[in-house]
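Down below is the structure, laid out as structure tokens.
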Amino acid sequence: MRFYVNIDHVATVRQARRTDEPDPVRAAVLAELGGADGITVHLREDRRHIQERDVELLLQTVQSVVNLEMAVAPEIVDLAVAWKPAQVTLVPEKREEVTTEGGLAVVGSGSGNALETALHRLREASLRTSLFIDPDPEVIRASADLEVEAIELHTGEYANARDGDKREQLSRLQRAAALGASLGLAVHAGHGLTYRNVASVARIPEIEELNIGHSIVSHALFVGIEKAVREMKEVVRAARETA
Ligand code: PXP
């Protein structure tokens with residue numbers, strides 16, 4: 001299983017003062033030392049955290065891989081095509097949201113729409129593409145029809161659920177992962193995963209990549225980024241071993 005660390009919220013702290021610290025590039029180097037298999041950043045259209053400068057420097061600095069999360073906006077697609085990160089994860093984006101709220105609207109999107117146009121351009125640039133989607137069978141089948149390499153299952157509802165609903169949300173993720181893999185898609189997962197809730201998701205055998213950000217950056221305030229990453233990696237590794 002690949003474990004990618006999302007460092008957006010290091011940039012959130014910097015942007016709170018529009019200054020030059022903390023630098024997400026330094027965080028990426030330390031995250032790699034802590035065992036991150038990749039670095040994930042979301043270049044939002046409103047540039048609320050990660051800036052173009054960050055992505056450019058990360059692409060030169062990161063020794064693992066950069067997974068660039070982005071909306072299907074043409075100007076961001078232009079940047080991705082020029083930058084050629086190892087992976088592009090397409091996500092929905094609303095200006096008013098605090099974080100990415102739901103998965104991409106893939107079903108019934110019709111040909112020639114913004115998503116298909118973006119995928120076409122990314123494919124022409126030979127970029128690996130992943131779609132961030134809700135763990136729903138219909139959406140997974142529609143994603144497979146779009147011939148992307150991967151889907152990232154939105155784990156937010158699982159993360160927010162309690163008691164019996166949590167078990168139901170977990171089995172929804174398990175069914176979604178099995179369906180995605182059976183359709184030939186690489187299955188990733190992320191959003192809202194924490195040191196406490198990640199193990200059950202990490203045990204789902206078809207999931208090959210996790211993207212985790214907020215919980216790690218929060219813990220890093222107290223223990224440092226390298227240790228925070230190492231601790232999360234250990235939780236994931238131990239869970240996987242007992243799968
Ligand atoms: N995956 C995707 C597609 C996301 O948009 C985000 C949030 O930026 C994450 C994973 C990471 O979520 P969190 O910060 O809650 O770990």
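In this chain, residues are counted from 1 in sequence order. Counting starts at 1 for both ligands and their atoms, in listed order. Since this is a predicted model, take the numbers as computed values, not measurements.
- In summary, the atoms of ligand 1 found under 4.0 Å from a heavy atom of N211, numbered by their order in the structure, are 10 (C), 11 (C).
- Within ligand 1, the atoms closer than 4.0 Å to a non-hydrogen atom of G192 are 12 (O), 13 (P), 15 (O), 16 (O), numbered from 1 in the order shown.
- Between the side chain of N6 and the main chain of N211, no donor-acceptor pair closer than 3.5 Å is present.
- With a 4.0 Å cut-off on non-hydrogen atoms, I216 does not touch ligand 1 at all.
- Residues R48 and D8 are not paired through a salt bridge, judged by the lack of any N-O separation under 4.0 Å between the basic side chain and the carboxylate.
- Of the heavy atoms in N6, only side-chain atoms (C-beta onward) come closer than 4.0 Å to ligand 1.
- Of all the heavy atoms of E152, the ones lying under 4.0 Å from any atom of ligand 1 belong exclusively to the side chain.
- Residues meeting the side chain to side chain contact (heavy atoms under 4.5 Å, CB included) test with S218, sequence neighbours left out: H214.
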Evaluate E157 against R172 for salt bridge (charged side-chain N to carboxylate O under 4.0 Å, His left out), listing each step before the verdict. CA-CA 10 Å; E157 284 195 50; R172 191 176 163 217; 3.5 Å; yes

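- For ligand 1, the polar-atom distance check against G213 finds a nitrogen or oxygen pair separated by under 3.5 Å.
- Under a 4.0 Å criterion applied to the non-hydrogen atoms of D8, ligand 1 contributes the atoms 8 (O).
- Comment: E168 engages R175 in a salt bridge, judged by a side-chain N to carboxylate O separation of less than 4.0 angstrom.
- For S215, the closest heavy-atom approach to ligand 1 does not fall below 4.0 Å.
- Close approach of ligand 1 to H214 is summarised as follows: ligand atoms under 4.0 Å from at least one heavy atom of the residue are 13 (P), 14 (O), 16 (O).
- At under 3.5 Å, not a single nitrogen or oxygen of I212, backbone or side chain, sits near a nitrogen or oxygen of ligand 1.
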With side-chain hydrogen bond (donor to acceptor under 3.5 Å, both in side chains) as the criterion, how do N67 and E69 come out once you've worked through the C-alpha distance, each side chain's angles and the decisive distance to 0.1 Å? CA-CA 6 Å; N67 171 31; E69 292 178 3; 4.9 Å; no

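- Atom numbering of ligand 1 starts at 1 in the shown order; those under 4.0 Å from a heavy atom of V91 are 3 (C).
- A salt bridge links R237 with E234; the closest basic N to acidic carboxylate O contact falls under 4.0 Å.
- Comparing M70, H188, E69 by heavy-atom distance to atom 9 (C) of ligand 1, the nearest is E69.
- One finds the CZ atom of R167 at 13.5 Å from the CZ atom of R162 (value rounded to the nearest 0.5 Å).
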